[in-house]
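One structure is given here, and the rest of the page talks about it.
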There are 2 protein chains.
Amino acid sequence: MTTARPRRRADAERNIAAILSAARELFGKGPLPSMNDIARAAGVGRVTLYAHFASREALLEAVIDSAIAETDAALTALDLDRLDPEEALRRLIETSWSILNTLRRTREAALADLDPEQLRRKHDPAFRHVERVLDRGRQAGVFRGDLPLDWLVASCYAVVHAAADEVNAGRIRAGDAPGVVAPTVLAMLAPTR
Amino acid sequence: MTTARPRRRADAERNIAAILSAARELFGKGPLPSMNDIARAAGVGRVTLYAHFASREALLEAVIDSAIAETDAALTALDLDRLDPEEALRRLIETSWSILNTLRRTREAALADLDPEQLRRKHDPAFRHVERVLDRGRQAGVFRGDLPLDWLVASCYAVVHAAADEVNAGRIRAGDAPGVVAPTVLAMLAPTR
DNA sequence: ATTAAGTCGAACAACGATGTTCGACTTAAT
DNA sequence: ATTAAGTCGAACATCGTTGTTCGACTTAAT
C-alpha cells in the first residue's frame with residue numbers, strides 16, 4: 001500500500017507529484033489544458049511528462065484516481081457511522097464539497113476521452129459515503145422515504161455542485177457555502193408530514 | 001421580428017434550420033462534435049455550413065441563441081403569474097426541464113470557446129422566470145425566506161439538471177422525472193418552521 | 001567518483017480540425 | 001427559360017496537438 005516495486009529517484013517522485021497537482025488544478029477550472037500547458041504549469045519539460053505518463057489518457061486517469069483516493073480517505077477518516085445522520089451529513093458536506101467540485105469538473109473535462117461507465121465506476125466510492133449516511137437516516141426516520149435513494153444521493157451532489165459553481169462565480173463567499181448548503185440539503189431530505 | 005432583410009431562398013432557410021437542429025442535438029449529448037460531424041448530421045456539405053455560419057464560434061452562438069429563445073417563449077406562454085407559486089413552479093419544471101438539460105450541456109460544450117460572462121448573460125432570461133415565481137412565493141410565505149434568492153434559483157436548476165442526468169444515465173424514466181423533481185424542489189423551498 | 005536515472009530542448013512525423021477557394025452542378029424564383 | 005442563389009466535393013493551406021526520438025546535460029544514489 002506504500003510504494004510499489006520500481007524504486008524511483010527522489011526528483012522523479014517529486015516531478016510526478018507536481019505534474020499530478022498541476023494537472024488537477026488545470027483540469028479543475030478553465031478550458032481543457034494541453035499536455036504542454038500541464039507540463040509548463042508543473043515546471044517540467046514536456047518530455048518528462050511523457051516519461052511518466054505515456055499518454056494524455058493515462059494522465060487523465062491518474063489524476064482522477066488520485067483525487068478519488070484523496071476524497072475517499074478524507075471521508076473515511078470522518079468516521080461518519082459514529083454520528084447521527086444529520087450531523088454526519090453536515091460534516092460530509094463540509095469536508096468534501098470543494099474537492100468534489102474539482103472532481104466534477106475534471107470528470108466533465110474527461111468525458112470526451114474516457115469511457116463513461118468506467119468513469120462512473122471510478123467515482124462511485126465517493127458516492128457510497130453519502131449513500132450510507134442517507135440510508136441510515138432513512139431507517140432512523142429522520143430522512144424522507146418517499147423517493148428513491150439513488151435520486152436523493154444525486155440531488156445532494158447536485159446541490160453541493162451548485163454551491164461550488166456559485167462560489168466560483170463569486171456570488172457566494174467560500175466560507176459561507178457550508179452554511180447555505182446544509183439547510184438546503186436537510187430541507188430537501190426532511191420527511192414529508 | 002419576423003424575417004430580416006436578406007431574402008434567402010427556401011432551401012437555404014431549410015438548411016439553416018437543419019444545421020441548427022443537428023448542432024443542437026450533437027452539442028446536447030456526447031463528445032464535442034466537429035464541424036464535419038455537424039454538417040453530416042444535418043445532411044449538408046461542410047461548405048454549405050460555412051456559407052451560413054462563418055465560424056465554429058458563430059454557429060455555437062447561434063445554437064445557444066435559438067435554444068434560449070425557444071425556452072423563453074415556452075415559459076412566457078405559460079403565463080405563470082396567473083397561478084399560485086407552487087403550481088407555477090410545478091409547470092415551470094415540467095415544461096422546461098428537458099430543454100434546460102440540452103442547454104446546459106451545450107453551455108458546457110461551449111465553455112472552451114466562448115466568454116463565460118457573455119454566456120451567462122445569454123441564458124439569464126430563462127433564470128428570470130424561476131426568479132419571479134420564487135420571489136412571489138416568498139412574499140406569499142409559501143417559500144422559505146432564510147436563504148438568498150439567487151441561491152434558491154441556482155439550487156432549483158441544479159436539481160432539475162440532476163434529474164436530467166439521471167434520465168440520461170437510465171436510472172430514471174423520462175416520464176417519471178417531473179414526479180420526482182417537483183417534491184424534491186418543493187421540499188427544498190418549504191418554509192422553516 | 002562513478003554510475004545509472006532522470007531531465008531537457010529541439011526537432012520530427014502524423015493527425016485532425018478549421019477555414020478557404022475553385023469549378024461544376026442543382027435548384028428555386030420571376 | 002432564364003437567371004441568380006445555393007449546393008457540393010475535392011483540394012488546399014494553416015494550425016495546434018499528440019506522441020516520439022535524439023543527444024547533451026544534470027542530478028541523485030552507492
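- We find that NE2 of B:His52 is positioned 10 Å from C1' of D:dA5, with the value rounded to whole Å.
- Spacing between atom CZ of A:Arg40 and atom P of D:dT17 amounts to 10 Å, rounded to whole angstrom units.
- If you check D:dC25 for Watson-Crick or wobble pairing at under 3.5 angstrom, you find it paired to C:dG6.
- The distance between atom CG of B:Leu49 and atom P of C:dT20, rounded to the nearest whole Å, is 12 Å.
- The pairing partner recorded for C:dA14 is D:dT17, the criterion being a Watson-Crick or G-U wobble arrangement whose two distances lie under 3.5 angstrom.
- At least one side-chain nitrogen or oxygen of B:Asn15 sits closer than 4.0 Å to the OP1 or OP2 atom of D:dT7.
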Test A:Ser98 against A:Asn101 for side chain to side chain donor-acceptor pair (under 3.5 Å), laying out the working first.
CA-CA 5 Å; A:Ser98 67; A:Asn101 182 38; over 6 Å; no
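- Each of B:Arg56 and B:Arg14 was assigned the nucleotide of DNA chain C with the nearest heavy atom; the assignment lying further toward the 5' end belongs to B:Arg56.
- With rounding to whole Å, B:Phe53 atom CZ is found 15 Å from D:dT7 atom C1'.
- Across every strand in view, C:dT30 sits in a pair with D:dA1 that passes the Watson-Crick or G-U test at under 3.5 angstrom.
- What separates CG of B:Leu32 from P of C:dG16 is a distance of 17 Å, to the nearest Å.
- Side-chain proximity of B:Val44 to the nucleotides D:dC8, C:dT18, D:dT21 is greatest for D:dC8.
- The 5' end of DNA chain D is approached more closely, in terms of each residue's nearest nucleotide, by B:Ala51 than by the other of A:Ser55 and B:Ala51.
- Computed from coordinates, the A:Ile16 CD1 to C:dT7 C1' distance equals 13 Å when rounded to whole Å.
- In this structure, the nucleotide among D:dT20, C:dT7, C:dA17 sitting nearest to the side chain of A:Tyr50 is D:dT20.
- The one candidate from B:Leu26, B:Ile68, B:Thr106 that meets the side chain to side chain contact (heavy atoms under 4.5 Å, CB included) condition with B:Val63 is B:Thr106.
- Of the nucleotides present, C:dT20 is the one that pairs with D:dA11 by Watson-Crick or G-U wobble criteria, both distances under 3.5 Å.
- One interatomic measurement links the two molecules: CG of B:Leu59 to P of C:dT18, which rounds to 10 Å at whole-angstrom precision.
- When the nearest nucleotides of DNA chain C are assigned to B:Asp11 and B:Met35 by heavy-atom distance, the more 5′-ward of the two goes with B:Met35.
- Residue B:Arg8 contributes atom CZ, which lies 16 Å from atom C1' of C:dA29 at whole-angstrom precision.
- Side-chain contact between A:Phe143 and A:Leu89 is present, with heavy atoms from C-beta onward closer than 4.5 Å.
- The residue among B:Arg46 and B:Arg9 whose nearest nucleotide of DNA chain D is located toward the 5' end is B:Arg9.
- For B:Arg56 and B:Tyr50, the positive end is not near the middle of the six-membered ring at less than 6.0 Å and at most 45° from its axis.
- Under the 4.5 Å side-chain heavy-atom criterion for ILVMFWY residues, a single connected hydrophobic cluster contains both A:Leu114 and A:Leu103.
- Closest contact between the side chain of B:Ala10 and the listed nucleotides C:dA17, D:dG6, C:dA28 involves C:dA28.
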